[in-house]
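Along the sequence shown, the residues carry numbers beginning at 1. Heavy atoms only: backbone and side chains are in, while hydrogens, waters and symmetry mates are out.
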Amino acid sequence: MRRDDMHSMNFIRYSVAYVFIISGTMKILSEELATTFINLGLPYPIYFMYVVALTEIVCGGLILANKKVKTASIPLILIMIAAIILTKVPLLHAGILTFAFQARLDIVMLFLLAILYHKNSFRPFS
């Protein structure tokens with residue numbers, strides 16, 4: 001792998017890890033996010049929120065450490081798809097531009113996770 005490619009992949013890994021570790025931590029610490037989960041209408045919303053939060057923190061940590069990146073990307077991709085379906089798709093009634101604006105981070109993270117998943121052969125010292 002070229003040196004520029006290695007730096008690009010590191011930047012993507014660090015960015016993705018940062019977003020998910022912070023997101024998972026905030027789900028645990030923020031009462032506002034707990035309310036958001038309750039309002040989604042999911043069964044056992046608080047338990048579900050903790051499972052999602054711990055998954056984000058653990059998988060984000062694995063990506064940060066460059067360990068099991070492909071495996072760690074899979075649950076995060078599923079979380080992002082669920083987040084788009086549950087929280088962003090209902091915004092389509094307000095218009096496609098509103099949806100696109102509100103879903104921008106979710107969509108970018110989904111694409112970055114797909115890159116990490118497909119570039120799992122990345123080995124910095126091989």
Count I, L, V, M, F, W, Y as connected when their side-chain heavy atoms are under 4.5 Å apart, and connections chain through other members. Are [X] and [Y] then in the same cluster?
X: Tyr47; Y: Val58; value: no
X: Phe99; Y: Leu110; value: yes
X: Leu86; Y: Leu76; value: yes
X: Leu42; Y: Leu91; value: no
X: Met9; Y: Phe11; value: no

What's the spacing between [X] [atom1] and [Y] [atom2] if we round to 0.5 Å?
X: Thr71; Y: Ile63; atom1: OG1; atom2: CD1; answer: 10.0 Å
X: Asn10; Y: Asn66; atom1: CG; atom2: CG; answer: 7.0 Å
X: Asp106; Y: Met80; atom1: CG; atom2: CE; answer: 4.0 Å
X: His118; Y: Lys70; atom1: NE2; atom2: NZ; answer: 8.0 Å

Quiz item: Would you say Val16 and Ile115 make side-chain contact, with heavy atoms under 4.5 Å?
Solution: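 Counting from C-beta outward, Val16 and Ile115 never come under 4.5 Å.
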Quiz prompt | Min side-chain heavy-atom separation Leu116-Leu112 under 4.5 Å | solution =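 A side-chain contact under 4.5 Å is absent here.
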Looking only at non-hydrogen atoms, find the nearest pair between [X] and [Y] and report the distance.
X: Ile96; Y: Leu92; result: CD1-CD2, 3.8 Å
X: Val69; Y: Leu62; result: CG2-O, 4.5 Å
X: Cys59; Y: Pro75; result: SG-CG, 3.6 Å
X: Ala103; Y: Lys88; result: CB-CG, 3.8 Å
X: Ala53; Y: Gly24; result: CB-O, 3.4 Å
X: Pro45; Y: Ile38; result: CB-CA, 3.8 Å

Exercise. Would you check, one step at a time, whether the test side chain to side chain contact (heavy atoms under 4.5 Å, CB included) holds for Tyr117 with Leu113?
Key: CA-CA 6 Å; Tyr117 179 82; Leu113 285 164; over 6 Å; no
Practice problem: Identify, with sequence neighbours excluded, every residue that meets side-chain contact (heavy atoms from CB on, under 4.5 Å) alongside Val19. | Solution: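 Result, side-chain contact (heavy atoms from CB on, under 4.5 Å) vs Val19: Met109.
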Quiz item: Quick one: side-chain contact (heavy atoms from CB on, under 4.5 Å) partners of Ala34, sequence neighbours excluded?
Solution: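 With sequence neighbours excluded, Ala34 shows a side-chain contact (heavy atoms from CB on, under 4.5 Å) to Ile46, Met49, given in chain and number order.
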Quiz item: Which pairs count as side chain to side chain donor-acceptor pair (under 3.5 Å) when at least one residue sits in residues 19-34, sequence neighbours excluded?
Solution: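 Listed once each, the pairs are Ser23-Lys27, Ser23-Glu56, Lys27-Glu56.
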Quiz prompt | Phe20 vs Ile57, side chain to side chain contact (heavy atoms under 4.5 Å, CB included): CA-CA, chis, key distance, verdict | solution = CA-CA 6 Å; Phe20 282 104; Ile57 293 167; over 6 Å; no
